[in-house]
Amino acid sequence: AFASTRDDGDFDIYVMDAAGQNTVRLTDDAATDWEPAWSPDGTRIAFVSYRTGVGELFVMDVDGFGVTQLSFIADADDGTYDTFAPTWSPDSTQIAYQSIRYDNSDIYVVDADTASEYQLTTDFDWDFWPAWSPDGTMIAFGSWRDGDPEIYTIGPEPGIPTQLTFSAGYDGKPAWSPDSTMIAFETDRDAVDESGDTNIYVMYADGSDQTPLTSDLDRD
């Protein structure tokens, strides 16, 4: 599943087979539809859409039917509202996502069937880009809460997150290994200038043995 502007200039959601053939358009809306996330059981695709005027979380069947709105964040006239980075629970019943409300960003979890949600993180800074571990026990995310972007983990219920990275620069966009023992992430800790180059690192799920995988002067 992917987002593309190929047909009418605005982003819509498409699917294709793994060889890049048999492309099918799933959404056709004048607003932006993007950031598709396929449920682990293969039956649904979560995505972000601006069809209501702000970025909201939606879910649909893999044939594009059954579109259902799951987040309802634009309930006031002041502040910034947006949604990013949906990530499914391994049992395909819940979705964690980044939600900006009243100019502040936190991680929320919503039931994919009932749209019942709860706030997972509470911070007066910026929590972003959640990633649910394949074993279901942890959600990794980025946060500015210590003054610069770092990687944290938290269980699927509200609690105190654990900080995994402590670099002086940017650490973000965590991605789990299939066995939930390691996390890959993006960092600019090795940047040689202000050009914004980043590299990919891996670490164990407890934050140990942070090791670079790429070394490049551009952005990985």
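For the numbers below, each heavy atom of this structure counts, side chains included, while hydrogens, waters and symmetry mates do not. What you see is a predicted model, and the numbers here were worked out from it, not measured in a lab.
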Heavy-atom side-chain contact between [X] and [Y] under 4.5 Å:
X	Y	answer
D12	D7	no
E150	S143	no
Q69	F58	yes
D82	Y50	yes
R44	D113	yes

query: What distance do Y152 atom OH and L164 atom CG have between them, rounded to the nearest 0.5 Å?
result: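 One finds 9.5 Å between OH of Y152 and CG of L164.
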- prompt: What's the spacing between T122 OG1 and I107 CD1 if we round to 0.5 Å?
  reply: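 Result: 11.0 Å between the selected atoms.
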message: With a 6.0 Å cut-off (strictly less than), is the heavy-atom count around OH of Y204, excluding the residue itself, greater than 12?
response: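 Counting neighbours around OH of Y204, 12 or fewer heavy atoms of other residues, nucleotides or ligands fall under 6.0 Å, so no.
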message: If you count every heavy atom of other residues, nucleotides or ligands that lies below 6.0 Å from I160 atom CD1, does the total exceed 12?
response: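 Check fails, neighbour count at 12 or below.
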- prompt: Parallel, tilted or perpendicular for F11 and W34, by the 30°/60° rule?
  reply: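 If you compare the ring of F11 with that of W34, the planes turn out tilted.
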message: Students often mix this up, so state it plainly: with edges at 30° and 60°, are the rings of F2 and Y14 parallel, tilted or perpendicular?
response: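 Geometry flag for Y14 against F2: parallel rings.
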field: Test side chain to side chain contact (heavy atoms under 4.5 Å, CB included) applied to W144 and D123, D125, D127, the passing residue
entry: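 Between W144 and the candidates, side chain to side chain contact (heavy atoms under 4.5 Å, CB included) is satisfied uniquely by D125.
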task: Sort out for me which residue in D33, T27, T68 forms a side chain to side chain contact (heavy atoms under 4.5 Å, CB included) with M60.
output: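 Filter result, single survivor: T27.
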- prompt: Can you check side-chain contact (heavy atoms from CB on, under 4.5 Å) on D190 and Y201, steps first, answer last?
  reply: CA-CA 11 Å; D190 300 321; Y201 272 60; 2.4 Å; yes
- request: Grab the two heavy atoms, one from P86 and one from V48, that are nearest each other, plus how far apart they are.
  value: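 So the two residues come closest at CD-CG2, 4.1 Å.
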task: Check for a donor-acceptor pair, side chain of T214 on one end and backbone N or O of I200 on the other, with a separation under 3.5 Å.
output: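 Pair found, side chain donor or acceptor close to backbone of I200.
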query: Has the side chain of S92 got a donor or acceptor atom that lies under 3.5 Å from a matching backbone atom of D41?
result: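 Side chain of S92 to backbone of D41: a pair is present.
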- request: With side-chain contact (heavy atoms from CB on, under 4.5 Å) as the test, would you mind laying out the steps for M138 and T162 before giving the verdict?
  value: CA-CA 10 Å; M138 287 290 171; T162 299; over 6 Å; no
message: Test: salt bridge (Lys or Arg N to Asp or Glu O under 4.0 Å). Region: residues 202-219. Which pairs qualify, not counting sequence neighbours?
response: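 Output for this query lists E186-R219.
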field: Ionic contact status for R51 with D10, cut-off 4.0 Å
entry: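 Here D10 does not pair with R51 in a salt bridge, since their nearest N and O are not under 4.0 Å apart.
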task: Go through the steps to decide whether Q94 and Y118 satisfy the test side-chain contact (heavy atoms from CB on, under 4.5 Å), and finish with yes or no.
output: CA-CA 11 Å; Q94 295 177 299; Y118 60 88; 4.0 Å; yes
message: According to side-chain hydrogen bond (donor to acceptor under 3.5 Å, both in side chains), who are the partners of T187, at least two apart in sequence or on a separate chain?
response: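 Here the qualifying residues are D171, R189.
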